[in-house]
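In what follows, every heavy atom counts, from backbone to side chain, and hydrogens, waters and symmetry copies are set aside. This structure is a prediction, so every number in the text was calculated from the model and none was measured.
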Amino acid sequence: MNKAVLASRLTMMGLIASALLATLTDTSGRVPSSFSEIATYFTFQANVIAMATWGALVFYALRRQRHGVASPHWLEYGRAFTAANLVTIGAIYWIAIAPLGLQDGPQLIYVMVISHLVTPMYAVAEQLLVGPRRPLPWRHVWWMTTYATVWVCIAVLRSWQGQPAVYEYLDTALGAAAIAGGLAWNYAILFAASAGAMRIRRWRRWDEGGSGSSGAASNPRGQRTGSASIMTPS
């Protein structure tokens, strides 16, 4: 596989792990004391999923290189899912939540920058430049939003039962109209990011085998050629 892609994925996995460690050891008072509560935040979950996805990509790429076994097609869905969710949490944070977490010391600033800026930007860059040029089917775009929908339902239910709201705009005390309004623009971002991650392929220059720009040049329209080719409260 392309060595630069391999190194970048391993680097991002290391950054997410370091941000997780920084979250768990933060003493600013902003981070919940319970790990189970930290794990309920969508930012945390999305970054952990990203780390797992990039880890799986590295594993299967090395396996393919050594044994000639093709990587499973679901990895391309995993990449799209990861990119869409990271873009969504990044956009929501910088539009509606910042500077929360940026005023609580350098350790938490590091966490916020890694989980809401660095990982989304890397996911976008990789999604645009790396991978096969055949788009994923439009009919599957709804599946990309399923995880977020289940998470929202659980978060609202917890708030309705009197538990602290994971995010302020999901607090049932605000009323159904306020929650629906907040979720509407959140879902607009998620749907647009999911559609883009599944369909935009024209700038891809490296396939998972590290073939450089030759794949793009030989199949400029992405036509089939006969082979299948964080952490903290946001």
Side-chain angles (χ1 to χ4, degrees), residues 8-9 11-20 23 37-58 72-98 100-101 111-131 135-156 158 165-170 179 182-201 230-234:
S8 64
R9 286 172 177 166
T11 298
M12 296 309 301
M13 291 166 62
L15 287 175
I16 293 175
S18 68
L20 172 59
T23 299
E37 188 174 350
I38 294 174
T40 63
Y41 286 93
F42 197 79
T43 298
F44 175 92
Q45 295 177 18
N47 276 272
V48 170
I49 290 172
M51 183 166 59
T53 300
W54 292 327
L57 286 162
V58 169
H73 185 56
W74 60 261
L75 278 176
E76 188 62 19
Y77 284 92
R79 292 183 65 222
F81 175 85
T82 293
N85 281 278
L86 289 177
V87 167
T88 300
I89 62 173
I92 292 173
Y93 177 79
W94 295 107
I95 292 172
I97 300 175
L100 182 69
V111 173
M112 293 297 174
V113 170
I114 294 298
S115 58
H116 295 102
L117 183 63
V118 176
T119 55
M121 289 180 65
Y122 172 79
V124 169
E126 181 180 299
Q127 192 67 15
L128 288 176
L129 299 174
V130 179
L136 298 175
W138 267 114
R139 66 182 181 274
H140 295 159
V141 69
W142 299 106
W143 290 104
M144 304 290 286
T145 64
T146 300
Y147 182 85
T149 301
V150 172
W151 181 89
V152 165
C153 291
I154 294 174
V156 172
R158 291 182 65 216
V166 180
Y167 297 107
E168 184 177 347
Y169 65 90
L170 295 179
I179 293 177
L183 289 177
W185 70 270
N186 285 191
Y187 267 98
I189 294 174
L190 177 60
F191 185 85
S194 298
M198 294 179 68
R199 303 296 298 179
I200 297 175
R201 296 292 185 269
I230 120 170
M231 308 313 300
T232 62
S234 299

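Taking the six-membered ring wherever Trp is involved, the centroid distance between the rings of Tyr41 and Tyr167 falls below 6.0 Å. In summary, the aromatic rings of Trp142 and Phe191 are positioned with their centroids under 6.0 Å apart.
Atom OG1 in Thr53 sits 10.0 Å away from atom CE in Met13 (nearest 0.5 Å). Here the CD atom belonging to Gln45 is positioned 10.0 Å from the CG atom belonging to Asn85, to the nearest 0.5 angstrom. Between Leu128 atom CG and Glu126 atom CD the span is 10.5 Å, to the nearest 0.5 Å. Residue Leu75 holds its CG atom at 10.0 Å from OG1 of Thr82, rounded to the nearest 0.5 Å. Once rounded to the nearest 0.5 Å, the distance linking OG1 of Thr23 with CD1 of Ile114 reads 10.5 Å. Rounded to the nearest 0.5 angstrom, Ile16 CD1 and Thr11 OG1 are separated by 11.0 Å.
When all heavy atoms are compared, the tightest approach of Ala84 to Leu190 is O-CD1, 4.2 Å. Closest approach of Pro137 and Tyr77 over heavy atoms only: CD-OH, 3.3 Å. Contact record, Ser194 with Thr145: OG-CG2, 4.3 Å, taken as the closest heavy-atom pair. In terms of heavy atoms, Gly90 sits closest to Pro120 at CA-CG, 4.3 Å. Across all non-hydrogen atoms, the minimal contact from Phe44 to Ala39 is CD2-CA, 3.6 Å. For the pair Ile95 and Ile189, the tightest heavy-atom approach, listed with the atom from each and the gap, is CD1-CD1, 4.3 Å.
Looking only at atom types and distance, the side chain of Ser8 has a donor-acceptor partner in the side chain of Tyr122 under 3.5 Å away. Residues Asn47 and Ser115 have side chains that never bring a donor and an acceptor to within less than 3.5 angstrom of each other. In the model, Asn186 has a side-chain atom that pairs as donor or acceptor with a side-chain atom of Tyr169 under 3.5 Å.
Of the possible donor and acceptor atoms, none in the side chain of Glu76 sits under 3.5 Å from a partner among the backbone N and O of Gly131. Remark: side-chain polar atoms of Trp94 are paired, donor with acceptor, to backbone N or O of His116 under 3.5 angstrom. Within the 3.5 Å criterion, the main-chain N or O of Leu129 finds no donor-acceptor partner in the side chain of Arg201. A donor-acceptor pair is defined here as one N or O able to donate and one able to accept, closer than 3.5 Å; such a pair exists between the side chain of Arg199 and the backbone of Leu136. Trp151 places a side-chain N or O within 3.5 Å of a backbone atom of Thr40 that can act as its donor or acceptor partner. In this structure, Tyr93 contributes its side chain and Leu100 its backbone to a donor-acceptor pair below 3.5 Å.
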Inset, instruction - Under the side chain to side chain contact (heavy atoms under 4.5 Å, CB included) rule, what do Trp54 and Leu57 come out as? Steps first, then yes or no, please. - result: CA-CA 5 Å; Trp54 292 327; Leu57 286 162; 3.8 Å; yes

Legend entry - Criterion side chain to side chain contact (heavy atoms under 4.5 Å, CB included) on Arg158 and Val166, from CA distance to verdict: CA-CA 9 Å; Arg158 291 182 65 216; Val166 180; 3.5 Å; yes

Inset, instruction - Apply side chain to side chain contact (heavy atoms under 4.5 Å, CB included) to Tyr187 and Val152, showing your working. - result: CA-CA 11 Å; Tyr187 267 98; Val152 165; 4.3 Å; yes

Legend entry - Stepwise side chain to side chain contact (heavy atoms under 4.5 Å, CB included) test for Ile200 and Gln127: CA-CA 9 Å; Ile200 297 175; Gln127 192 67 15; over 6 Å; no

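Within the 4.5 Å cutoff, the side chain of Val130 has heavy atoms near those of the Arg79 side chain. Counting heavy atoms from C-beta outward, Leu183 and Leu170 have side chains that approach closer than 4.5 Å.
For the side-chain contact (heavy atoms from CB on, under 4.5 Å) with Leu86, the lone residue among Ile49, Thr119, Val124 that qualifies is Thr119.
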